[in-house]
Structures are given as C-alpha cells and as structure tokens.
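The figures that follow rest on heavy atoms only: side chains count, while hydrogens, waters and symmetry mates do not. All chains are named by letter (A, B, ...) in the order of the sequence lines, taking the proteins before the strands, and each is independently numbered beginning at 1. Everything numeric here is computed off the predicted structure, so don't read it as measured data.
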2 protein chains.
Amino acid sequence: MKIEAHEVERRVETFKAAVQEAGLKLTHQRLEVFRELASSADHPDAHGIYDSVKHRLPTVSLDTVYRTLRTLSDLGLINMLGTAGESIRFDANTRKHHHFVCVNCGLVRDFENEELSALQVQEDLVGFGRVLETQIEVRGICNDCRNKS
Amino acid sequence: MKIEAHEVERRVETFKAAVQEAGLKLTHQRLEVFRELASSADHPDAHGIYDSVKHRLPTVSLDTVYRTLRTLSDLGLINMLGTAGESIRFDANTRKHHHFVCVNCGLVRDFENEELSALQVQEDLVGFGRVLETQIEVRGICNDCRNKS
DNA sequence: CTCCTAATTAAGAATCATTCTGATTTAGGG
DNA sequence: CCCTAAATCAGAATGATTCTTAATTAGGAG
C-alpha cells in the first residue's frame with residue numbers, strides 16, 4: 001500500500017530541510033532510504049527497505065541502511081516501532097497518529113482520529129511520572145489474515 | 001515495586017488451575033518463574049527473572065526460564081511486551097489494563113482505568129480488519145529519570 | 001571548480017537475545 | 001512406585017544489529 005504522491009513530497013521536503021538544518025549531507029542514500037520509507041504505509045524493517053532501495057541504488061549496503069535509519073531516528077525524522085522479539089520497523093509519519101496491529105501477522109497501519117488524539121490521561125498517572133504523549137494501539141486480525149482462515 | 005500478597009496469590013491460584021487444566025506438570029520451576037513474575041510490577045525480562053529465581057532454585061538454567069516463559073505465554077497466562085530492539089518483557093497481569101512507558105529508561109507500569117478501557121474504536125477501522133482489543137500506551141518520563149536530570 | 005571532510009563501501013567479525021541439540025538426570029503425579 | 005514429561009548441561013546455531021578497518025566516493029562550502 002502506497003502513500004499518496006503529494007504527501008510523500010511533503011515528507012521529503014520536510015526531510016531535506018531538517019537534514020540541512022542539522023548540518024548533515026543530503027546524500028543519495030539518505031534521500032532514497034527516506035523516500036522509500038515515506039512512500040510505504042506498512043512500516044518496513046531495515047531489510048525490507050534495503051531490498052527496495054537496492055533497485056535504485058544497486059551498490060547500497062545493508063550497513064548503510066541501518067546507519068541511515070538510526071541517524072534519521074536520532075534526528076526525529078522517523079520513528080521506530082514494533083514488538084520486542086521482532087525486527088525494528090520504521091515509520092516516516094511524524095504526525096500524531098495511532099496504530100492498528102494485526103496480532104496474527106504483525107502488520108501495522110496508521111490511522112488518525114481527532115477524538116482519540118484529544119485524549120487526556122495525565123490525572124490518573126501522577127504517581128508514575130510526567131506524561132508526554134498518549135497513543136492508542138488497536139489489536140485485531142487484518143483483512144488478509146481473515147480471508148486466509 | 002511489589003504486587004500485594006493477596007493479588008499474587010490470586011494470580012498463582014489461577015495459574016495452578018490453568019496448568020492442571022492444560023495437562024501440564026506443576027513443577028517447582030514453573031511455579032517459581034510464575035510467582036516471580038506475578039510478584040513484580042516492573043515487567044522483567046527473561047534474564048531478570050532468571051537472576052531472581054536463582055536465589056530460590058540455584059540450579060535453574062536460563063534455558064528453562066526461557067522455555068517456561070514461552071510455555072506460559074502460549075497458554076495465555078502471561079503476556080509479552082516491550083519495544084522492538086529490546087529484550088522481551090513479561091507481564092503476569094491478564095486483567096484489562098494499560099501501560100505507562102518511560103521513553104528514557106524503558107520502565108513499564110500497568111494502570112487500570114474504566115473510562116479508557118471502555119473506549120470503542122471499531123467504527124474508524126473497518127478498512128483494516130476486525131478489532132479485538134484497544135490498549136492505551138502513555139509515554140513520558142518516570143519519576144526516577146526526572147530526579148536524575 | 002576544487003578541495004576538505006564526512007559518508008559510503010566491503011568484508012568480516014562481534015554482540016546480544018533467543019532457540020535448539022542431544023544426551024543425561026530429576027521429579028511430578030497417576 | 002514407576003513412567004514419562006520436564007529439567008539440566010554444555011555448547012552450538014540463529015538472526016538482528018552494531019562495529020571495525022581501510023579504501024573509495026561525493027556533498028557542498030568557499
């Protein structure tokens with residue numbers, strides 16, 4: 001599943017500006033890794049991104065993909081997600097959103113919802129620490145897995 | 001941080017019944033691994049449980065702890081949690097609850113809240129699949145980390 | 001346009017969590 | 001009291017991720 005072209009471009013522009021801002025070089029590798037991630041809605045892992053990017057940059061190394069993803073994550077341009085025990089999945093969507101997770105195959109999809117995003121939980125958690133953000137994780141069975149069984 | 005004694009016993013009794021029910025043996029190792037998990041509120045990983053259990057069962061192996069945790073997870077007596085890239089953390093709390101996660105040190109604490117648990121998200125997700133459950137993840141900085149900085 | 005330097009590459013090794021092997025011993029519970 | 005599942009031990013295998021070192025490439029400031 002692909003993200004719409006104009007949204008991809010919006011993300012890429014934000015990315016370019018942030019890389020310049022941080023004083024880093026805008027290399028082909030960084031651009032292609034980011035563009036690949038910004039174009040896909042299914043949160044690939046490092047290997048998946050590597051396989052896709054290799055079509056356009058045949059000499060890219062898996063190591064560079066890992067290094068680039070870590071760099072972008074440190075800059076806050078992408079987020080890491082996924083459950084412990086699996087490989088790390090990446091997400092170029094930095095807008096406030098929530099996740100649908102298939103408990104069977106691990107598929108993750110973003111969704112936005114104003115009401116959910118407006119949720120305030122601070123009051124109940126004074127004992128644990130300061131609250132920064134609240135995210136909803138909806139678990140279920142995705143359509144593909146439903147059709148298979 | 002410890003769970004109250006009567007809650008631990010409640011969990012242990014549920015555990016004993018379920019192990020019998022499944023036709024598995026109630027070994028010391030299984031009991032001690034489960035009791036350790038049921039007593040701690042901070043969701044230890046396999047190594048942490050191993051270290052604690054070793055005090056009471058000096059000959060237990062890390063392998064047995066891993067195997068036991070997987071068995072209990074398959075039975076639905078415990079849950080696995082944690083972010084990709086870290087080790088798997090375990091949770092003996094099978095009641096409906098939510099998580100507070102410290103983005104700095106990774107601490108996870110459970111909390112219950114009727115209003116949050118009553119949240120219904122089905123309508124918004126028809127396109128992705130069937131919804132089974134909704135869990136809230138609150139991210140922030142825990143008290144310990146706040147005091148250190 | 002040129003040059004400095006950061007980034008990439010290659011090939012390999014290291015680390016860490018986790019699972020598996022296979023042979024041997026232990027102990028739960030009918 | 002025995003049968004058999006489970007545990008143990010030691011070690012090895014796996015897979016994701018990170019690091020090493022040395023040589024090459026290329027971004028972008030001047």
Note: chain B reaches DNA chain D at heavy-atom distances under 4.0 Å over the stretch, first to last nt, 5' to 3', of D:dT4 to D:dC9

task: Give one of base, sugar-phosphate or nothing for A:D63, where a contact means two heavy atoms less than 4.0 Å apart.
output: base

Which is true for B:H47 with a 4.0 Å heavy-atom rule: it touches a base, it touches only sugar-phosphate, or it touches nothing? nothing

For nucleotides 2-7 of chain C, 5' to 3', base contacts (B), sugar-phosphate-only contacts (S) and non-contacts (-) with protein non-hydrogen atoms under 4.0 Å give ---BBS

Could you check how far [atom1] of [X] sits from [atom2] of [N], rounded to whole Å?
{"X": "B:K16", "N": "C:dG29", "atom1": "NZ", "atom2": "P", "value": "10 Å"}
{"X": "A:L26", "N": "C:dT8", "atom1": "CG", "atom2": "P", "value": "11 Å"}
{"X": "B:I49", "N": "C:dT18", "atom1": "CD1", "atom2": "P", "value": "10 Å"}
{"X": "B:L69", "N": "C:dA17", "atom1": "CG", "atom2": "C1'", "value": "13 Å"}
{"X": "B:D51", "N": "C:dA17", "atom1": "CG", "atom2": "C1'", "value": "14 Å"}

Item checked: Same cluster (ILVMFWY, side-chain, under 4.5 Å), B:Y50 and B:M80 -> yes

Going hydrophobic residue to hydrophobic residue with side-chain gaps under 4.5 angstrom, can you get from A:L26 over to A:V60? yes

* Quick one: do B:T64 and B:R67 satisfy side chain to side chain donor-acceptor pair (under 3.5 Å)? Show the steps, please. => CA-CA 5 Å; B:T64 293; B:R67 197 161 4 84; 3.3 Å; yes

Closest to the 5' end of DNA chain D, once B:G85 and B:T59 are matched to their nearest nucleotides, is B:T59

Residues at least two apart in sequence or cross-chain that pass side-chain contact (heavy atoms from CB on, under 4.5 Å) with B:R56, listed by chain then number, are B:E32, B:R35, B:E36

Q.
If the cut-off is 4.0 Å, is B:R70 near the phosphate of C:dT19, judged by side-chain N/O to OP1 or OP2?
A. yes

Looking only at heavy atoms, the pair that brings B:I78 and B:A92 closest together is CG2-CA, 4.2 Å

Given the rule in the side-chain contact (heavy atoms from CB on, under 4.5 Å) test, do A:H43 and A:F90 qualify, once you have shown the distances and angles that lead to the verdict? CA-CA 5 Å; A:H43 309 300; A:F90 298 88; over 6 Å; no

By nearest-nucleotide position on DNA chain C, the 5'-leaning member of B:R89 and B:V19 is B:R89

- [ ] Describe, in one word, how the ring planes of A:F15 and A:F34 are oriented to each other, choosing from parallel (under 30°), tilted (30 to 60°) and perpendicular (over 60°).
- [x] parallel

Partner of B:V108 under side chain to side chain contact (heavy atoms under 4.5 Å, CB included), picked from B:D91, B:D42, B:V101, is B:V101

Value for OG1 (A:T83) from CD1 (A:I88), rounded to nearest 0.5 Å, stands at 12.0 Å

